[in-house]
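Report on the following structure.
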Amino acid sequence: MPASAPDPGLVALARRAAELESRGAWAEAVAAWSSAVESHPSFLPARLGLAQALIRAGKPADALPVLGRISAAAPNVPAVWLALAVAQSMLGRHDLAVDNAKRAVALAPNVAAVHAGLGDVLRQAGRLTDAADAYRKAVAKAPDDPDALNKLAVIER
């Protein structure tokens, strides 16, 4: 097997976790991502998958330490900062959440999903005008994105 080839066991765990997430089986997805992290602790996607599954499972406080370690190891990954922002937003830490979502946007200014994520965090913080602006930027980056279009329509209404 070439050195760059992914470990088949890790690939299987990641597929299993993704399949569980697609069904909304968050606790099981957390367990699958946890197994992936245990077997490959330095594999960033597994750690990020675990953090995101914890957030989706309604456990943002459990995701924070995972995200803190990832952000220290990989400070230039926008998905890490956006996940951190979502977790902080869920915990009512809106100022930190907005700052981290803005950091994600600064790292990936051309990615519509990052602008939409900033909009979500701003909406949760009660900053509706700023949220609408972020959603508009998301739609400008991806005019056919149904999620961005729906979020903009809802906040405009």
Side-chain angles (χ1 to χ4, degrees), residues 13-34 36-37 42-157:
L13 282 170
R15 283 187 181 145
R16 175 76 177 137
E19 185 261 325
L20 290 164
E21 288 177 348
S22 73
R23 293 193 337 241
W26 308 121
E28 293 88 348
V30 167
W33 283 121
S34 294
V37 169
S42 64
F43 188 59
L44 175 80
R47 291 189 289 158
L48 183 56
L50 172 59
Q52 291 171 329
L54 286 164
I55 290 167
R56 291 179 184 118
K59 298 179 177 186
D62 293 346
L64 288 179
V66 176
L67 290 164
R69 288 188 295 277
I70 301 170
S71 66
N76 294 322
V77 178
V80 173
W81 296 104
L82 190 55
L84 186 58
V86 170
Q88 290 166 330
S89 179
M90 290 172 72
L91 294 168
R93 300 175 187 167
H94 299 297
D95 290 341
L96 289 172
V98 170
D99 288 346
N100 285 319
K102 286 181 178 179
R103 185 169 183 170
V105 168
L107 290 167
N110 294 318
V111 177
V114 177
H115 288 279
L118 171 60
D120 294 344
V121 169
L122 289 164
R123 182 178 45 79
Q124 289 298 321
R127 296 173 52 182
L128 302 183
T129 301
D130 293 334
D133 290 341
Y135 292 143
R136 277 189 212 94
K137 287 178 184 171
V139 169
K141 303 285 179 197
D144 296 326
D145 182 326
D147 187 48
L149 288 165
N150 184 54
K151 288 177 179 188
L152 178 58
V154 168
I155 205 159
E156 291 284 342
R157 186 175 29 148

Just verifying a value: how many Å separate [X] [atom1] and [Y] [atom2], rounded to the nearest 0.5 Å?
| X | Y | atom1 | atom2 | value |
| --- | --- | --- | --- | --- |
| L149 | D144 | CG | CG | 7.5 Å |
| Y135 | L122 | OH | CG | 8.0 Å |
| L152 | D145 | CG | CG | 11.0 Å |

Please report the shortest heavy-atom distance between [X] and [Y], naming the atom on each side.
| X | Y | result |
| --- | --- | --- |
| A101 | A85 | N-CB, 3.5 Å |
| R123 | L128 | CG-CD2, 4.0 Å |
| G119 | A131 | O-CB, 3.4 Å |
| A112 | A142 | CB-CB, 3.6 Å |
| E21 | W33 | OE2-NE1, 2.9 Å |
| A125 | V98 | CB-CG2, 4.3 Å |

Next item on the list: Applying side-chain contact (heavy atoms from CB on, under 4.5 Å), run through L20 and R16 and close with a yes or a no.
Entry: CA-CA 6 Å; L20 290 164; R16 175 76 177 137; 3.7 Å; yes
Notebook entry, point to check: Is the shortest distance from a Lys or Arg side-chain nitrogen in R136 or E156 to a carboxylate oxygen in the other one below 4.0 Å?
Noted result: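 Yes.
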Next item on the list: In plain terms, say whether D133 and K137 are close enough for a salt bridge, that is, a side-chain N and a carboxylate O under 4.0 Å apart.
Entry: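 Between K137 and D133 there is no salt bridge, as every charged N stays at least 4.0 Å from the carboxylate O atoms.
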Note to self: Considering only residues two or more places apart or on different chains, which pairs with a residue in residues 93-106 satisfy side chain to side chain donor-acceptor pair (under 3.5 Å)?
What the structure shows: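 As it turns out, the side chain to side chain donor-acceptor pair (under 3.5 Å) pairs with a partner in residues 93-106, which skip direct neighbours, are Q88-N100.
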Notebook entry, point to check: Okay, side chain of H115, backbone of V105: is any donor-acceptor separation there less than 3.5 Å?
Noted result: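 Not confirmed, H115 side chain does not pair with V105 backbone.
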Check: Under a 4.5 Å cut-off applied to non-hydrogen side-chain atoms, are V86 and M90 in contact?
Finding: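 With C-beta onward as the side chain, the pair touches.
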Which atom pairs, one a donor and one an acceptor, fall under 3.5 Å between side chains of residues 49-78 and the rest of the protein, sequence neighbours left out?
residue : atom : partner : partner atom : Å
R69     : NH1  : P65     : O            : 3.4
S71     : OG   : L67     : O            : 3.2
S71     : OG   : G68     : O            : 3.0

